[in-house]
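None of these values were measured; they are calculated from a predicted model. Order of listing sets the numbers, starting from 1, for every ligand and every atom in it.
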Amino acid sequence: MSHTDPERVEQVRANLRAARSRIEAACTDSGRDPEEVSLIAVTKTCPADDVRILASLGVTDVGENRDQEAAPKAEQTADLDLNWHFVGQLQSNKARSVARYADYVHSVDRAKIARTLGERAAAAERDITCLVQVNLDEDSRAGVIGSRGGVDPSDTLELADRVEEQERLSIGGVMAVAPIGGDPSQAFARLYEVACRLRDRYPRATVISAGMSGDLEAAIERGATHLRIGTALLGEREPIVG
Ligand SMILES: *Cc1c(COP(=O)(O)O)cnc(C)c1O
């Protein structure tokens with residue numbers, strides 16, 4: 001039996017309300033309709049009870065970045081019928097597990113993972129919407145330490161083609177994390193250009209997953225359609241050890 005602490009419910013409710021007001025204010029500033037902007041609650045390091053609380057407050061989309069944590073949480077909350085977004089680095093040996101619960105994978109960053117995930121999705125008889133993760137950090141591309149992952153912007157279309165070759169995968173758009181220490185607004189403007197080029201080839205690929213707790217305003221200003229928000233909803237995380 002899950003047991004939700006009323007104090008925690010109130011805290012998350014207040015956080016959610018504050019996050020929604022930030023989103024609305026940013027939409028007003030950019031002349032955008034808040035209906036165009038979806039909120040994904042990133043629940044990493046938080047218990048399944050928090051997922052239940054979020055769902056009870058109307059959240060429909062949750063995100064996780066590690067399969068070891070996401071798989072059991074998705075199972076424990078399967079009755080809630082949520083959309084699960086996998087937003088972390090995906091290793092081939094986790095593709096089988098991720099294909100069982102993920103509705104969206106935001107972090108497709110190489111042809112091999114598109115192929116493996118496609119095979120696993122077919123085996124699980126599930127459809128997955130994939131986003132190409134784009135590296136917006138010019139200083140740290142090509143696997144240099146400190147890189148936050150993703151393909152060079154110029155490789156986006158090629159990787160989208162690889163996703164589309166897979167029967168059970170479809171290309172949904174792009175995702176990026178703003179480079180540490182850089183100007184998020186500039187980075188997200190770059191992502192927007194990449195997203196437009198992708199949409200020219202695949203009109204259905206309309207998702208721009210950008211913006212976290214600290215930079216959601218810049219992301220909205222630059223056309224984000226999906227925000228991935230953790231800390232602003234659930235509080236500071238304990239650092240992960242190991
Ligand atoms: C943790 C995480 C987020 C959420 O970040 P916050 O700063 O807590 O809002 C978003 N995207 C990815 C890929 C993450 O790993």
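Close contacts between ligand 1 and Ile229 involve ligand atoms 9 (O) [criterion: under 4.0 Å to a heavy atom]. In the vicinity of Arg228, heavy-atom distances shorter than 4.0 Å reach the ligand 1 atoms 4 (C), 9 (O), 10 (C), 11 (N), 12 (C), 13 (C).
When side chains are defined from C-beta on, Lys44 counts as touching Glu69, because their heavy atoms get closer than 4.5 Å.
Between His85 and His226, the angle of the ring planes lies from 30° to 60°, which puts this pair in the tilted group.
In this structure, His106 falls outside the shell of residues with a heavy atom less than 4.0 angstrom from ligand 1.
The nearest heavy-atom contact from the protein to atom 9 (O) of ligand 1 is Ser213 OG, 2.5 Å. Shortest contact from atom 10 (C) of ligand 1 to any protein heavy atom: Met212 SD, 3.3 Å. In terms of protein heavy-atom proximity, atom 8 (O) of ligand 1 is nearest to Thr231 OG1, 2.4 Å. Looking only at heavy atoms of the protein, atom 14 (C) of ligand 1 is closest to Lys44 NZ, 3.0 Å.
Counting only non-hydrogen atoms, the option in Asn65, Thr45, Val87, Leu227 that gets closest to atom 13 (C) of ligand 1 is Val87.
Note that CD of Glu165 is 12.0 Å distant from CD1 of Ile171, once rounded to the nearest 0.5 Å. A distance of 12.0 Å separates CG of Asn65 from NE2 of His106, quoted to the nearest 0.5 Å. Residue Thr43 holds its OG1 atom at 8.0 Å from CG of Asp50, rounded to the nearest 0.5 Å.
Not a single donor-acceptor pair under 3.5 Å links the side chain of Ser209 to the backbone N or O of Met175. At least one donor-acceptor pair under 3.5 Å links the side chain of Arg22 to the backbone N or O of Ser213.
The shortest N or O to N or O distance between Gly230 and ligand 1 is below 3.5 Å.
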